[in-house]
Amino acid sequence: MTIGEVRSSLEGETLGRQLYDCVADLYPICRSITGDGVRETLRRLQRLTPLTVHEVPSGAEAFDWTVPREWNVRDAYVKNSQGERVVDFRRSNLHVVNYSVPVRRRMSLAELRPHLFTLPDKADWIPYRTSYYAESWGFCLSQRQLDSLPDGEYEVCIDSSLAPGSLTYGECYLPGELTDEILISCHVCHPSLANDNLSGVAIAAYLGQALSRISRRHSFRLLFIPGTIGSITWLSRNEPMIPRIRHGLVLACLGDGGRFTYKKSRRGDAVIDRAAQHVLRQLGDHEVQEFSPYGYDERQFCSPGFNLPVGRLSRTPHGRFAEYHTSADDLDFVHPSQLADSFAACLAILEVLEGDRTYMSQNPKGEPQLGKRGLYHAIGGLAQASANEMAMLWLLNLSDGEHSLLDTAERSGCDFAIIRNAAAILCDFGLLKEVSM
Ligand code: ZN
């Protein structure tokens with residue numbers, strides 16, 4: 001089975017439900033850049049895709065960075081004078097500032113206030129905050145919750161630990177005919193946030209599952225890593241094989257209702273950039289962003305010492321939806337059908353990367369006579385016939401050993417899958433011959 005066959009056999013409703021169930025299963029887990037939440041997440045993903053879990057000890061050097069101490073949290077709360085939990089980690093793991101150092105104290109509201117974070121404009125939402133690289137502690141709560149707290153004494157507890165341990169990441173390597181690799185990466189460090197980035201995690205896991213079951217030309221490597229420190233750590237430990245990465249895609253924020261956004265690699269004209277743009281054009285309304293050194297792990301893969309051809313696929317980009325990094329990025333914010341469409345878009349992009357070939361016309365002087373070979377209306381129904389004929393004519397014209405199927409798809413405006421299918425037929429009739437690049 002090939003990627004194209006997988007894509008055409010997709011049953012959107014079932015797939016959307018599976019992706020959504022994966023998001024919902026992982027949603028309650030309190031993740032961070034290290035700790036048991038990431039381990040539990042990867043353990044559950046191992047049911048879906050063949051994943052190896054790596055542990056890199058705290059203190060390990062990774063270029064200019066150091067793997068931090070491992071953070072775990074068991075409980076956290078603020079109790080009022082009646083002993084009631086007015087802020088409760090058990091209700092939402094966003095309530096505790098991620099990477100808070102342990103604290104157990106009684107204090108006045110005035111003393112507590114500098115440690116409380118709200119979103120005044122969104123009175124019911126809890127913000128998501130982190131403090132990875134500065135030792136501090138805090139609570140996030142809704143403005144409405146804060147406004148309801150009377151002056152008085154509060155009992156504050158964060159039952160966390162910040163201790164030598166390790167950074168955990170997951171890697172799924174699927175060898176193909178070629179050692180050339182396609183890299184797919186997603187971040188697994190956010191607690192209960194659905195779109196950012198359990199959407200990307202679920203899609204990457206199901207891509208791993210689908211890719212593990214098909215015949216592959218490229219080798220595939222899927223990374224499930226904590227943002228920034230995870231990709232830097234992975235790059236630092238895998239430097240010798242990095243030149244094998246020929247194409248790469250970072251997956252983030254793929255479950256919301258917005259149109260697709262593709263962020264180009266730093267190179268800007270890599271095959272992945274062209275393949276993604278071609279697919280999104282075929283799918284309809286979308287946005288293309290130029291590379292910038294801000295965002296997700298594409299910043300590390302595209303740092304100048306690597307300059308890898310890695311782009312990013314999202315729907316509404318981070319920071320451009322109000323729910324971003326708040327409790328409103330919840331299970332209602334992502335939808336099965338949007339997850340399924342995002343998965344299909346990823347597969348279509350991978351299908352281009354896997355299927356791109358270059359051919360030489362065996363009849364370059366004048367058009368070959370298609371009619372006498374029965375090639376007019378040879379494929380599909382009448383509606384498709386003209387698209388297929390145009391695809392054949394473009395292929396016969398551009399197949400001079402210099403233009404690939406993707407070049408032909410881009411220039412003709414025909415869907416890559418139609419171009420590829422037509423090329424296979426022309427090969428069968430001896431009119432095209434593949435050239436090894
Ligand atoms: Zn984020």
Side-chain angles (χ1 to χ4, degrees), residues 3 49 51 63 169-176 178-188 197 199-201 203-208 210-212 216-254 260-280 288-314 317-318 342-343 345-356 406:
I3 287 195
T49 189
L51 203 66
F63 303 126
Y169 67 85
E171 185 167 22
C172 169
Y173 177 69
L174 302 167
L178 306 175
T179 52
D180 292 356
E181 289 187 10
I182 298 177
L183 178 78
I184 295 166
S185 172
C186 62
H187 61 279
V188 291
N197 187 31
S199 64
V201 172
I203 287 170
Y206 274 92
L207 283 174
L211 293 166
S212 71
R216 298 171 295 272
R217 191 161 75 98
H218 290 87
S219 298
F220 283 82
R221 192 178 295 274
L222 295 102
L223 298 179
F224 300 81
I225 49 179
T228 307
I229 186 66
S231 51
I232 291 173
T233 300
W234 184 83
L235 284 163
S236 75
R237 290 161 58 88
N238 290 278
E239 242 184 312
M241 48 68 57
I242 283 168
R244 292 191 210 156
I245 297 172
R246 293 308 169 96
H247 319 283
L249 204 52
V250 169
L251 304 180
C253 301
L254 284 164
F260 285 112
T261 304
Y262 177 73
K263 178 181 167 184
K264 290 189 202 174
S265 73
R266 181 176 181 270
R267 299 182 186 187
D269 60 351
V271 175
I272 181 68
D273 299 321
R274 295 172 46 212
Q277 289 178 83
H278 171 72
V279 166
L280 296 189
V288 175
Q289 293 182 325
E290 293 299 326
F291 177 78
S292 70
Y294 188 70
Y296 295 104
D297 285 317
E298 68 276 8
R299 334 165 20 170
Q300 315 309 334
F301 298 122
C302 296
S303 55
F306 296 107
N307 198 22
L308 289 171
V310 175
R312 190 188 78 215
L313 187 67
S314 302
H318 59 92
S342 297
F343 181 89
C346 291
L347 269 192
I349 293 167
L350 297 179
E351 187 181 349
V352 174
L353 301 175
E354 278 280 90
D356 198 23
L406 178 56

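Every heavy atom of this structure was used, including side-chain atoms; hydrogens, water molecules and symmetry mates were not.
Not counting sequence neighbours, the partners of Arg244 by the salt bridge (Lys or Arg N to Asp or Glu O under 4.0 Å) test are Glu181. Residues satisfying the salt bridge (Lys or Arg N to Asp or Glu O under 4.0 Å) test with Arg266, not counting sequence neighbours, are none. The ring-ring contact (aromatic ring centres under 6.0 Å, His included) check on Phe224 picks up nothing, with sequence neighbours excluded. In terms of the ring-ring contact (aromatic ring centres under 6.0 Å, His included) criterion, Tyr173 has no residue partners (sequence neighbours excluded). For Tyr169, there are no side-chain hydrogen bond (donor to acceptor under 3.5 Å, both in side chains) partners, not counting sequence neighbours. Scanning for side-chain hydrogen bond (donor to acceptor under 3.5 Å, both in side chains) contacts around Tyr262 gives Asp273, with sequence neighbours left out. For Thr233, there are no side-chain hydrogen bond (donor to acceptor under 3.5 Å, both in side chains) partners two or more places apart in sequence or in a different chain. Every residue two or more places apart in sequence or in another chain was checked for a salt bridge (Lys or Arg N to Asp or Glu O under 4.0 Å) with Glu354, and none qualifies. Remark: Ser236 pairs with Ala62, Phe63 by the side-chain contact (heavy atoms from CB on, under 4.5 Å) rule, at least two apart or across chains. Judged as a side-chain hydrogen bond (donor to acceptor under 3.5 Å, both in side chains), and not counting sequence neighbours, the contacts of Glu171 are His54, Arg221, Trp234. Taking the ring-ring contact (aromatic ring centres under 6.0 Å, His included) definition, one finds that His218 meets it with His247, sequence neighbours left out.
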- Task: Could you go through the side-chain contact (heavy atoms from CB on, under 4.5 Å) check for Leu280 and Val288 one step at a time?
- Result: CA-CA 9 Å; Leu280 296 189; Val288 175; 5.5 Å; no
- Task: Under the side-chain contact (heavy atoms from CB on, under 4.5 Å) rule, what do Leu350 and Leu211 come out as? Steps first, then yes or no, please.
- Result: CA-CA 10 Å; Leu350 297 179; Leu211 293 166; 4.2 Å; yes
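Proximity of a side-chain donor or acceptor of Ser314 to a complementary backbone N or O of Ala252 within less than 3.5 Å is detected. Under the 3.5 Å distance criterion, the side-chain polar atoms of Asn197 are matched with a main-chain donor or acceptor of Cys253. Proximity of a side-chain donor or acceptor of Arg274 to a complementary backbone N or O of Asp269 within less than 3.5 Å is not detected. A side-chain donor-acceptor contact under 3.5 Å links Lys263 to the backbone of Ser292.
The minimum heavy-atom distance linking Leu353 with Arg217 is given by the pair O-NH2, 3.7 Å. Nearest heavy-atom pair across Leu313 and Leu249 is N-CD1, 4.1 Å. The two atoms that bring Ile272 and Val310 nearest to each other are CG2-N, 4.4 Å, heavy atoms only. The two residues Ser342 and Leu254 come nearest to each other via the heavy atoms OG-O, 2.7 Å. Of all non-hydrogen atoms in Leu51 and Cys172, the two that sit nearest each other are CD1-CB, 3.9 Å. Minimum interatomic distance between Gly176 and Ser219 (heavy atoms only, all atoms of both residues): N-OG, 2.9 Å.
Within the structure, salt bridge (Lys or Arg N to Asp or Glu O under 4.0 Å) contacts touching residues 300-314 (residues at least two apart or in different chains) are Glu298-Arg312.
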